[in-house]
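Everything below concerns the one structure shown next.
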Amino acid sequence: MTMINAKSLTRPANAIGHSTLGTNDVSKDLSDSYYFLKASNRDDLTLLGQSPDLTYNVQGIREDFPILQRKVNGHPLIWFDNAATTQKPQVVIEALEKFYRQSNSNVHRGAHSLATEATNAYETAREKVRHFLGASSTAEIVFLRGTTEAINLVAQTYGRKVVGQGDQILLTAMEHHSNIVPWQLLQEATGAIIQAVPITKAGEIDLGEYEKLLTRRPKIVAITHVSNVLGTINPIRKMVAMAHHYGACVLVDGAQAVAHLPVNVRELDADFYVFSGHKIYGPTGIGVLYGKKALLEEMPPWQGGGSMIDRVTFEETNYNKLPYKFEAGTGNIADAVGLGAAIDYLQKIGRSAIEGYEREITRYAMSELARIRGARLFGRSKLKTSVISFLVDGIPPEDLAWDLDRQGIATRVGHHCAQPLMRYYGIEGAIRASLGIYNTREEIDLLVETIRRVLQGAFLM
Ligand code: 7TS
């Protein structure tokens with residue numbers, strides 16, 4: 001294990017970051033709360049799922065990621081900010097480079113070889129996404145910029161079509177702002193009413209309350225598959241079935257799910273499922289909207305322009321077939337190809353193997369973090385991914401994050417774009433370590449050891 005160099009344990013002058021998340025702010029009224037994991041109950045850490053795959057070769061995987069070779073502040077980089085974005089394996093970097101070196105062209109137009117090659121590469125990537133999600137047809141796979149853009153598209157097309165004055169839109173208390181604000185824009189435009197399903201103390205959706213809110217017959221239910229703060233894996237199949245029973249259409253935000261669990265949109269019966277490439281070891285700027293074909297057919301286009309048309313006159317325009325109706329203008333071709341390479345890479349490791357490994361290191365990290373004096377962990381669902389949000393009494397989270405950075409450890413701090421959830425817990429923010437396929441127990445040990453050192457005052461100027 002890498003040892004901490006006590007001499008380097010000083011805070012960077014430009015990085016101390018005056019914290020607004022003072023200990024007093026976050027600790028009041030929370031000490032007895034049962035939803036925090038404390039040392040006394042850290043043994044209750046069974047995470048449900050299959051047993052880990054013992055052949056999982058984490059060292060081999062680490063070698064696939066060039067950035068893990070670099071040092072930050074004199075220490076090997078420890079990337080615990082995977083829920084914000086993941087690092088990229090060499091195969092993804094090479095796929096991007098190869099595309100620009102050899103095949104760069106616009107797609108679906110041009111009578112030349114490179115246009116054919118680029119179109120084939122783009123459409124092959126779409127087929128990889130279709131297979132990855134278990135969708136029936138590539139007509140159901142729309143390339144967009146990411147999760148945020150996909151949710152806005154659904155709100156502004158499907159939403160505007162079906163939602164009217166006084167209609168309900170049902171969200172949950174654990175949504176990312178990306179799955180709140182687009183619905184508020186729709187609310188402003190239509191006079192719809194947004195309701196949020198509360199969560200339990202353990203950080204799970206309260207299914208009893210969910211059913212009650214469903215009886216008001218919302219037009220749209222928009223729920224996250226996995227919470228980006230708590231890691232909770234929501235019972236999506238069940239929730240979709242319940243929503244359908246009450247006649248609602250369901251959008252599932254898969255941004256925090258697809259990198260961690262096998263997802264099959266047909267099994268889930270989701271009407272819409274959205275995710276971002278950059279959270280599954282692919283490039284930024286590319287993401288996916290899956291929609292059931294019948295729904296996408298009925299929806300009006302969102303943006304107008306080239307590619308999304310079949311025939312244009314000044315009097316009228318006929319739109320292109322699916323999925324192109326929703327892909328106005330030149331898309332992010334190279335990054336779609338990069339996303340295809342990321343999917344191949346994940347499939348090669350095996351999504352069940354990833355799930356098993358990540359569950360083990362998550363259990364270990366939670367157990368070790370819970371041993372730290374004054375540590376409080378948020379999110380106690382037995383079905384959870386590798387997102388761990390926590391606070392340590394006595395250390396403002398922003399200061400702790402910068403101290404960790406001095407050791408090359410990248411975490412995220414703040415409200416995590418989930419302010420309603422923060423409010424529910426009565427805090428302004430937390431520190432978050434989110435683990436990925438290349439993280440190790442040794443890195444977790446270093447995180448825990450560094451926090452202990454901070455508690456002992458090792459980083460005080
Ligand atoms: N939905 C969830 C559940 C997310 O976690 C995020 C990003 C988004 C939507 C938006 O994704 P984007 O790719 O369109 O930006 N979450 C985070 C996070 O937790 N830290 O940084 C980004």
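Every number for a ligand or one of its atoms is a count from 1 in the order of the listing.
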> After noting the C-alpha distance and the side-chain angles of E204 and S381, does the key distance pass the side chain to side chain donor-acceptor pair (under 3.5 Å) rule?
Replying inline: CA-CA 6 Å; E204 294 174 335; S381 177; 2.7 Å; yes
Ligand 1 N/O to protein N/O, distances under 3.5 Å:
residue: ligand 1; atom: 1 (N); partner: D253; partner atom: OD1; Å: 3.3
residue: ligand 1; atom: 1 (N); partner: D253; partner atom: OD2; Å: 2.5
residue: ligand 1; atom: 5 (O); partner: Q256; partner atom: NE2; Å: 2.7
residue: ligand 1; atom: 13 (O); partner: S276; partner atom: OG; Å: 2.7
residue: ligand 1; atom: 13 (O); partner: H278; partner atom: NE2; Å: 2.7
residue: ligand 1; atom: 14 (O); partner: T148; partner atom: N; Å: 2.9
residue: ligand 1; atom: 14 (O); partner: T148; partner atom: OG1; Å: 2.6
residue: ligand 1; atom: 16 (N); partner: H176; partner atom: NE2; Å: 3.3
residue: ligand 1; atom: 16 (N); partner: K279; partner atom: NZ; Å: 3.0
residue: ligand 1; atom: 19 (O); partner: N228; partner atom: ND2; Å: 2.8
residue: ligand 1; atom: 19 (O); partner: R432; partner atom: NH1; Å: 2.7
residue: ligand 1; atom: 19 (O); partner: R432; partner atom: NH2; Å: 3.3
residue: ligand 1; atom: 20 (N); partner: R412; partner atom: NH1; Å: 2.5
residue: ligand 1; atom: 20 (N); partner: R432; partner atom: NH2; Å: 3.1
residue: ligand 1; atom: 21 (O); partner: R412; partner atom: NH1; Å: 2.9

> Would you call the rings of Y438 and Y281 parallel, tilted or perpendicular if under 30° counts as parallel and over 60° as perpendicular?
Replying inline: perpendicular
> Counting heavy atoms not belonging to R237, are there more than 12 under 6.0 Å from its CZ?
Replying inline: no
> Can you name the residues that form a side-chain contact (heavy atoms from CB on, under 4.5 Å) with N332, not counting sequence neighbours?
Replying inline: I286, D335
> Do any pairs count as a salt bridge (charged side-chain N to carboxylate O under 4.0 Å, His left out) and have a residue in residues 260-284, sequence neighbours left out, and if so which ones?
Replying inline: D269-K292, D271-K292
> Can you list the residues that meet the side-chain hydrogen bond (donor to acceptor under 3.5 Å, both in side chains) rule with R351, with sequence neighbours excluded?
Replying inline: none
